[in-house]
Asks: 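Encoded as structure tokens, here's the structure I'll be asking about.
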There are 2 protein chains.
Amino acid sequence: MECMALGKDYATQECSIARALEVVGERWTLLVVRDAFYGVRRYNDFLVHLGIPRAVLAARLQTLTAEGILDKRRYQESPPRDEYVLTARGLALWPTLRALGLWGRDFLNKPDLRTFRHAVCGTEQELGPYGECPACGTVVPVSDVELMPGPGLDRDPADPVSRALLKPKRLLQPLETEPV
Amino acid sequence: MECMALGKDYATQECSIARALEVVGERWTLLVVRDAFYGVRRYNDFLVHLGIPRAVLAARLQTLTAEGILDKRRYQESPPRDEYVLTARGLALWPTLRALGLWGRDFLNKPDLRTFRHAVCGTEQELGPYGECPACGTVVPVSDVELMPGPGLDRDPADPVSRALLKPKRLLQPLETEPV
DNA sequence: AAACTTGGTTCAATGACCGAACCCATGCCT
DNA sequence: AGGCATGGGTTCGGTCATTGAACCAAGTTT
């Protein structure tokens with residue numbers, strides 16, 4: 001009885017888009033993945049940054065881990081603490097998130113909230129739609145993308161994660177939340 | 001009271017990805033849009049192809065129309081019949097769907113279910129990850145993309161829409177369902 | 001020992017989704 | 001004219017997911 005019809009799958013669909021959506025199409029899931037790209041790694045940071053119910057976050061982290069998109073790993077022993085980091089499969093979701101973000105920016109809201117650029121070549125130009133650097137022409141690997149806060153962003157957000165994201169930083173680089 | 005907190009929005013998120021997901025992130029929505037790219041235009045065709053509950057389909061078509069992603073238009077007067085076609089805003093979702101589909105193919109299932117290629121230049125090579133044609137090098141506009149059935153596809157599906165999609169066809173070109 | 005932090009689980013209430021049944025305007029067959 | 005079929009929905013009760021708040025537990029600081 002484990003294999004059938006949870007009602008959450010798109011049963012009749014023979015399509016890799018449908019398969020993908022069964023895994024990352026649930027509410028909150030892609031936002032968790034986005035935060036992982038932004039350097040969020042800890043349960044509590046996801047929690048305050050997303051404003052997600054605790055139970056839902058726990059469920060999502062578990063399925064993302066089970067699907068091999070996040071890797072849960074111990075980063076200190078005492079007290080035992082785990083962090084969630086993107087696997088190769090998770091990193092491969094970057095083009096999807098990029099495409100979604102561009103669509104949202106171009107068709108839904110005016111002000112630029114965040115922009116991305118190539119960290120290593122020193123350009124100030126934004127990455128192109130496929131993640132290519134307009135200055136040096138290459139498709140920039142995710143770890144070399146610099147995340148810049150845009151003009152539309154709230155300058156004084158309530159949670160420490162948003163505050164940490166006001167400074168430019170590389171994707172995937174772990175977040176440095178200020179000690180309170 | 002109409003404007004606040006339906007519980008379905010990602011309230012705290014200042015992010016174009018979150019904005020986008022509020023619009024296209026609900027269950028079924030992106031599959032409806034995908035079908036629109038495949039040439040599905042009529043309520044009934046969406047219904048049988050997706051296996052979606054009627055009420056949900058009606059709701060999704062309504063919000064997609066309200067958000068300016070689909071355009072509902074009368075295509076015959078008697079009996080009055082409407083069809084749903086992608087607007088510019090809807091067409092701009094193609095890179096997102098493409099990225100999702102590639103991810104699903106590469107990381108979730110083995111067999112190629114559908115492939116895309118450039119219709120006008122006669123190549124047999126598949127489009128690249130950004131929708132560029134490997135033969136002629138250009139980024140192919142959606143209406144020039146040819147949708148090819150892949151080897152992993154069921155050869156004798158139950159519904160007429162899936163059957164119509166077994167033949168190669170251009171994206172956006174209206175579906176020709178066989179008269180029964 | 002008391003209080004705090006991190007990372008959860010449990011619970012009742014609400015909302016979304018589900019399938020099945022019903023509705024209605026028109027067209028087609030006889 | 002009567003009957004059935006088709007396209008495009010709406011309504012309805014039951015189930016499943018999501019929500020916010022409360023609770024729990026291990027370890028650590030004071």
Side-chain angles (χ1 to χ4, degrees), chain A residues 1 4-12 21-22 25-32 35 40-65 70 72-84 159-161 174-175 177-180, chain B residues 1 4-12 21-22 25-32 35 40-65 70 72-84 159-161 174-175 177-180:
Chain A
M1 271 308 96
M4 247 313 283
L6 296 91
K8 68 194 320 186
D9 61 349
Y10 300 106
T12 71
L21 286 172
E22 287 176 5
E26 280 179 305
R27 185 153 158 70
W28 295 110
T29 302
L30 277 179
L31 290 183
V32 171
D35 267 18
V40 178
R41 295 184 169 191
R42 298 208 300 267
Y43 182 92
N44 229 24
D45 288 344
F46 285 111
L47 198 68
V48 299
H49 189 225
L50 293 173
I52 182 178
R54 306 176 78 90
V56 177
L57 176 59
R60 293 298 181 272
L61 289 173
Q62 215 177 307
T63 52
L64 283 170
T65 304
L70 295 180
K72 177 179 190 169
R73 66 184 189 201
R74 184 66 43 104
Y75 69 95
Q76 73 178 29
E77 283 302 336
S78 158
R81 290 284 180 264
D82 298 313
E83 62 183 1
Y84 298 88
D159 70 290
V161 176
L175 213 65
T177 44
E178 336 136 6
V180 189
Chain B
M1 268 301 98
M4 249 312 284
L6 296 91
K8 68 196 318 185
D9 61 349
Y10 300 107
T12 71
L21 287 172
E22 288 175 4
E26 281 179 304
R27 186 154 156 71
W28 294 111
T29 302
L30 277 179
L31 290 183
V32 171
D35 267 18
V40 178
R41 296 183 168 192
R42 298 207 299 268
Y43 182 92
N44 229 26
D45 288 343
F46 287 110
L47 198 68
V48 299
H49 189 226
L50 293 174
I52 183 178
R54 307 178 77 90
V56 178
L57 176 59
R60 294 298 180 270
L61 290 174
Q62 216 177 305
T63 51
L64 283 170
T65 304
L70 294 179
K72 177 181 190 168
R73 66 184 189 201
R74 184 65 44 103
Y75 69 94
Q76 74 178 29
E77 283 302 334
S78 158
R81 291 284 180 264
D82 298 313
E83 62 183 2
Y84 298 87
D159 70 291
V161 176
L175 214 65
T177 45
E178 334 135 7
V180 189

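Both backbone and side-chain heavy atoms feed into the values below; hydrogens, waters and symmetry mates do not. Lettering follows sequence order; numbering is per chain, from 1. What you see is a predicted model, and the numbers here were worked out from it, not measured in a lab.
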Asks: Go along nucleotides 20-30 of chain C 5' to 3' and tag each nucleotide: B for a protein heavy atom under 4.0 Å from its base, S when only backbone or sugar atoms are that close, - otherwise.
Replies: -B----SS---

Asks: Of all the choices, D/dT10, D/dT18, D/dG20, which nucleotide is nearest to the side chain of A/Arg60 once you look at every atom?
Replies: D/dT18

Asks: Closer than 4.0 Å, any side-chain N/O of B/Asn44 to the OP1 or OP2 of D/dG8?
Replies: no

Asks: Heavy-atom nearest nucleotide on DNA chain D for A/Trp28 versus B/Asp45: which residue maps closer to 5'?
Replies: B/Asp45

Asks: So, using side-chain hydrogen bond (donor to acceptor under 3.5 Å, both in side chains) as the criterion, who are the partners of B/Asp82 when residues are at least two apart?
Replies: B/Arg74

Asks: Are OP1 or OP2 of D/dT6 and a side-chain N or O of B/Arg42 less than 4.0 angstrom apart?
Replies: no

Asks: For A/Arg73, give me all partners under side-chain hydrogen bond (donor to acceptor under 3.5 Å, both in side chains), at least two apart in sequence or on another chain.
Replies: A/Glu83

Asks: With the side chain of B/Val56 defined as its heavy atoms from C-beta on, choose the nearest nucleotide among C/dG7, C/dC18, D/dG9.
Replies: C/dC18

Asks: Going by the rule salt bridge (charged side-chain N to carboxylate O under 4.0 Å, His left out), which residues pair with B/Arg81 if we only count those two or more places apart in sequence or in a different chain?
Replies: none

Asks: Does OP1 or OP2 of D/dG9 have a side-chain N or O of B/Tyr84 closer than 4.0 Å?
Replies: yes

Asks: Checking A/Asp45 now: which residues fulfil side-chain hydrogen bond (donor to acceptor under 3.5 Å, both in side chains) with it, not counting sequence neighbours?
Replies: none

Asks: For B/Asp159, enumerate each residue passing the side-chain hydrogen bond (donor to acceptor under 3.5 Å, both in side chains) test, keeping only those at least two apart in sequence or located in another chain.
Replies: B/Ser162

Asks: Counting only side-chain N and O atoms of B/Arg27, is one of them less than 4.0 Å from OP1 or OP2 of D/dA17?
Replies: no

